[in-house]
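Chain letters run A, B, ... following the sequence lines, proteins first and then strands; every chain starts at 1. Fair warning: this is a prediction, and the values are worked out from it, not measured in the lab.
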There are 2 protein chains.
Amino acid sequence: METPSSSTPVTLEDVARRAGVSPSTASRALNGSARKVRDEYQSRVHAAAAELGYTANTAAQAVARGRGDHLAMVVNGINDDYFSPVAAGVLKAAEADDRMVTMISSRNSAQQATRVVSTLRSQRPRAIILAGGRSVTSTVWEERLVEELAAFQSEGGRVVAISEEGMPFDTVSLDNVAAASELAAALVGLGYRRVTILGGPADARTAHDRVQGFVAGLAGHGIEVPPSGVIHCGFDRDGGYAAAGECLRRRMPAELVLAISDTVAVGAIARFREAGLSLPADMAVAGIDDVTVLRDVAPALTTVRLPWPEAGRAALDLALQPAGAEPRLVRLTGHAVLRESTPGIGGR
Amino acid sequence: METPSSSTPVTLEDVARRAGVSPSTASRALNGSARKVRDEYQSRVHAAAAELGYTANTAAQAVARGRGDHLAMVVNGINDDYFSPVAAGVLKAAEADDRMVTMISSRNSAQQATRVVSTLRSQRPRAIILAGGRSVTSTVWEERLVEELAAFQSEGGRVVAISEEGMPFDTVSLDNVAAASELAAALVGLGYRRVTILGGPADARTAHDRVQGFVAGLAGHGIEVPPSGVIHCGFDRDGGYAAAGECLRRRMPAELVLAISDTVAVGAIARFREAGLSLPADMAVAGIDDVTVLRDVAPALTTVRLPWPEAGRAALDLALQPAGAEPRLVRLTGHAVLRESTPGIGGR
DNA sequence: TTGTATGCGTTATCAA
DNA sequence: TTGATAACGCATACAA
């Protein structure tokens, strides 16, 4: 209960001395594993620790044990106040487990990601969680990234990737192709025929898969999307805004716009509205993710609900399990949620 | 360039041996401060480090130096995919500085926050950033929290609070009273007279200040808000939704609803719409924060733009400076942004 | 079960 | 400038 106005942290030795036991006993009583300490000592040590305001030095523990106990996560980038659903999912799960997670942004670049993983590695965390961010064709830097992660793993760390499959690590994958495909199919069912796809960055794996899913889903119902029917853009609101502008400029004959994400969809909606279109009457728009912050935009956005919280949970669970002989794969799927932004077309 | 498939991290000693120098020299060449190493050794050590793929063990450094170099941040809570603007601001600034920040949620409770700070303390971070979350009347747990933080500071750590003033630490404050007041005044200028306030949690300091600002701003123009004109609710979308429901139930004669935050406002909008009201014709709504994800809700939300990115930057800068004799205070202000959700009333 | 001694990877001290 | 040596705070193998 003391708040020493002095300046040096209380150490385990201080506690031990106060409790009249050896440092090892204090260690076992406080942070040790199997309870092998006499009840009397146990309580005396705890009392001493409380009185002194002792807090274990996790850095020292990490040195002694060879590895820390916290998680590290690499996210793609940080856009003002919108936080990637992936990151939120992991953070939420970590919150439930009372775990700390160190976050760092890869700034949307595999090169930076490599640097960043190297830095992360120096923290000796229990696990590194890599959230999204791969590109279609694996670049040199991406190979270096995998090497760096593999090195971390071979040192005893755990690595788990979220989003795209194909990395030699435990992976939680959201089936982007299936998600996009299901959505596309559902919308064809509502009568839409002429569609334009807002495809995000051409080299981003997630975006690529979703576009592919859209195309496949449409093709399954006899609708072909010409290459010109896919407009590439940034993966955010502004990207969608710009792409919608492009869509208008080209006077594309679309009655439905399929965006690779909700945020892109929202940007598109803003642009269309600015152009004087009335939504959803003049143009239907759908996205993917089911970002809850956007539940209340008008018209309510048709989307695919992706189980981000579950993905975060799964990633954490994988991270806490010891590594298996083979990389594990947890595959999660989403489902289309049809709302006002795609009321359907009477026709055909 | 090697990726050892073995299992033990490369240590400084390995590097030193490889370079034919002592560990001390290697340490100085790689992580040391003042350059006092012969050029030849310098390059030999760096070469060896690169060849071996050496990464400094920050945990060990933290032990040796007595303190780590990363930042820790306590946020209020994590709501699905919406991330507090404060946290985003700090993270963004950290991204620019290439710094890692360990995040942990206080789960909206001072008691948990105390626990959490204790945990954080054990990491021996360079600084702890506390984002919001204080209550109006300081509770016992809040006192404990301050004690805990003070202890951390007296051990050489830095503490900086964001949001409310009044803590004995360096603080970045967003003037909530002024923000709310300015908004209220502007809206009175648009002709609104009958207003209901969606006030958030009665005991949350930020919410309290904003309500106070609303009341003051209205009072400045001769408009009194009776106690019944303030409806308390959760600090999130669902809180706003519920409060708007309450507002309808009580048949409050409002023409304008002032919400303490954009998310609360959005919840309210959803509820009003559900009730068949046409916005903004039947009801004007305004919030505070200017959350960019919500820029595109329809009708566009009138709000107060708060400089969260700047706040994050300022907090980081304070955290990196050595502590001063007196707690520093950086005061930031926001400004009202009038948009479609409050078109104004011709009247009076 | 408890204590002693040693080690973890790095930095700081102090001779050389 | 460099290098041996002693911390740093904690965990653990081993002996008691």
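Residue B/Gln42 contributes atom CD, which lies 9 Å from atom P of D/dT2 at whole-angstrom precision. Atom P of nucleotide C/dT4 and atom CG of A/Leu12 are separated by 14 Å, given to the nearest angstrom. One can place CD of A/Glu13 at 9 Å from P of D/dC10, the figure rounded to the nearest angstrom. Between B/Arg44 atom CZ and D/dT1 atom P there is a gap of 17 Å when expressed in whole angstrom units. Between the CD atom of B/Gln123 and the C1' atom of D/dC8 there is a distance of 17 Å, given to the nearest Å. For B/Arg28 and D/dA4, the CZ to C1' distance is 11 Å, given to the nearest whole Å. A straight line from CG of B/Asn31 to P of C/dT11 spans 4 Å, rounded to a whole angstrom. B/Asp69 has its CG atom 21 Å from the P atom of C/dG9, to the nearest Å.
More than 12 heavy atoms of other residues, nucleotides or ligands shown are found within 6.0 angstrom of CD on B/Gln321.
Regarding contacts with the backbone of C/dT11, a side-chain N or O of B/Gln61 is found under 4.0 angstrom from either OP1 or OP2.
Closest to the B/Tyr41 side chain, of the nucleotides D/dC10, C/dG3, D/dT2, is D/dT2. Comparing D/dC10, D/dC8, D/dT2 by their nearest atom to the side chain of B/Val37 picks out D/dT2. When each of D/dT2, C/dG3, C/dT10 is scored by its nearest atom to the side-chain atoms of A/Thr25, the top-ranked nucleotide is C/dG3. Of the candidates C/dT11, C/dT1, D/dG3, the closest approach to any side-chain atom of B/Val21 belongs to D/dG3.
A donor-acceptor contact under 3.5 Å is not formed by the side chain of A/Arg65 with the base of C/dG7. Counting atom types as modelled, A/Ser24 pairs no side-chain N or O with a base atom of D/dA11 as donor and acceptor under 3.5 Å. At a cut-off of 3.5 angstrom, counting only N and O atoms as typed in the model, there is no donor on one side facing an acceptor on the other between the side-chain of A/Arg124 and the base of C/dG9.
B/Val146 approaches B/Met167 most closely through the heavy-atom pair CG2-CE, 3.9 Å. The two residues B/Leu329 and B/Ser173 come nearest to each other via the heavy atoms CD1-CB, 4.2 Å.
Mapping A/Thr11 and B/Ser22 onto DNA chain D by nearest heavy atom places B/Ser22 at the nucleotide closer to the 5' end.
B/Ala59 comes within 4.0 angstrom of nothing in the nucleic acid, heavy atoms only. At the heavy-atom level, A/Ala62 lies nowhere under 4.0 Å from the strands shown.
Just one of B/Arg115, B/Arg121, B/Gln153 meets the side chain to side chain donor-acceptor pair (under 3.5 Å) condition when paired with B/Glu148; it is B/Arg121.
Electrostatic pairing of A/Asp14 and A/Arg18 does not count as a salt bridge here, judged by no charged N lying under 4.0 Å from a carboxylate O.
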